[in-house]
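Computed over heavy atoms, backbone and side chain alike; hydrogens, waters and symmetry mates excluded.
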Amino acid sequence: MGGLVLKLAPKERVLINGVVIENGDRRTRFSIMTPEANVLRLRDAIHPDEVTTPVRRVCYAAQLVLSGDLEAGDAKQQLLRRIEELSQVFTDVDSRRVLAQATEALVTEQYYKCLKALRSLLPREERLMAYRQ
C-alpha cells in the first residue's frame with residue numbers, strides 16, 4: 001500500500017487539493033493514493049500573522065503551495081534558496097539531516113513531506129531565538 005496515510009482525530013479538518021474536508025465523530029485513517037495531491041492538515045497551518053521567523057517563512061511558503069495559493073513552479077526555486085539560507089544557521093548534524101530531507105522532498109515536489117520536515121525545525125529555532133534575547 002503506497003501513498004500518504006492520514007490519521008484524523010474526530011472533527012479534524014484537512015485541506016486536499018483546495019477542498020476542506022472535516023472528519024466525522026470518530027478517528028479515521030485513509031490513504032491519499034494520488035502522488036501529486038496537495039494535502040495540509042489545518043491544525044498544522046501557520047496563520048499569516050505567525051510568519052515572524054526564517055523557518056516559519058519557509059514553512060509558510062510550502063504551505064501556500066499545498067493550499068493552492070502559490071504555484072509550485074514559482075515556489076520551488078524560492079524554497080530551495082531559503083532552505084540553503086537556513087543551512088547557514090542550522091549547522092548541527094540533525095538539523096542538516098532535516099534540511100536534506102526537506103530539500104529532497106522539494107526536488108521531488110512532495111510539498112507535504114517538505115513542510116513536515118521543516119516544521120521539525122521550529123522548536124530549535126524557538127530555542128535559538130530565546131537564547132539571542
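With sequence neighbours left out, E85 forms a side chain to side chain contact (heavy atoms under 4.5 Å, CB included) with R81, R82. A search for side chain to side chain contact (heavy atoms under 4.5 Å, CB included) contacts involving V51 returns I46, R57, Y60, not counting sequence neighbours. A100 pairs by the side chain to side chain contact (heavy atoms under 4.5 Å, CB included) definition with nothing, not counting sequence neighbours. Every side chain to side chain contact (heavy atoms under 4.5 Å, CB included) that T103 has, sequence neighbours left out, goes to L80, I83, V107.
Considering CG of L64 and CG of L40, their distance stands at 9.5 Å, rounded to 0.5 Å. Taking CG of L42 as the reference point, atom CD of Q63 lies at 9.0 Å (rounded to 0.5 Å). Atom CG of L118 sits about 5.0 Å away from atom SG of C59, to the nearest 0.5 Å.
Counting only distance, with no hydrogens or angles, the side chain of T28 and the backbone of R26 share a donor-acceptor pair below 3.5 Å. In this structure, the side chain of E125 engages the main chain of V55 through a donor-acceptor pair within 3.5 Å.
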Would you give me the side-chain donor-acceptor pairs under 3.5 Å for residues 3-19, sequence neighbours excluded?
unit_1, atom_1, unit_2, atom_2, d
K11, NZ, D25, OD1, 3.1
E12, OE1, A9, N, 2.8
E12, OE1, R41, NH1, 3.4
E12, OE1, R43, NH1, 3.4
E12, OE2, R41, NH1, 2.6
E12, OE2, R43, NE, 3.4
E12, OE2, R43, NH1, 3.4
R13, NE, E22, OE2, 2.9
R13, NH2, E22, OE2, 3.2
N17, OD1, N38, N, 2.7

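Between F90 and V98 there is no side-chain heavy-atom pair separated by less than 4.5 Å. Put simply, the side chain of L121 reaches to within 4.5 Å of the side chain of S95, judged on heavy atoms. Contact check for I32 versus Y112: no side-chain heavy atoms found under the 4.5 Å cut-off.
Here the shortest heavy-atom pairing between A102 and C114 reads O-SG, 3.6 Å.
Clustering ILVMFWY residues whenever any of their side-chain heavy atoms sit less than 4.5 angstrom apart, transitively, puts V65 in the very cluster that holds V20.
Atom CD of Q88 sits in a crowded spot, with more than 12 heavy atoms from other residues, nucleotides or ligands closer than 6.0 Å.
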**Message:** Walk me through whether Y111 and L79 qualify under side chain to side chain contact (heavy atoms under 4.5 Å, CB included).
**Reply:** CA-CA 10 Å; Y111 292 94; L79 284 165; 4.2 Å; yes
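For residues 95-120, the salt bridge (charged side-chain N to carboxylate O under 4.0 Å, His left out) pairs, not counting sequence neighbours, are K76-E109, D94-R97.
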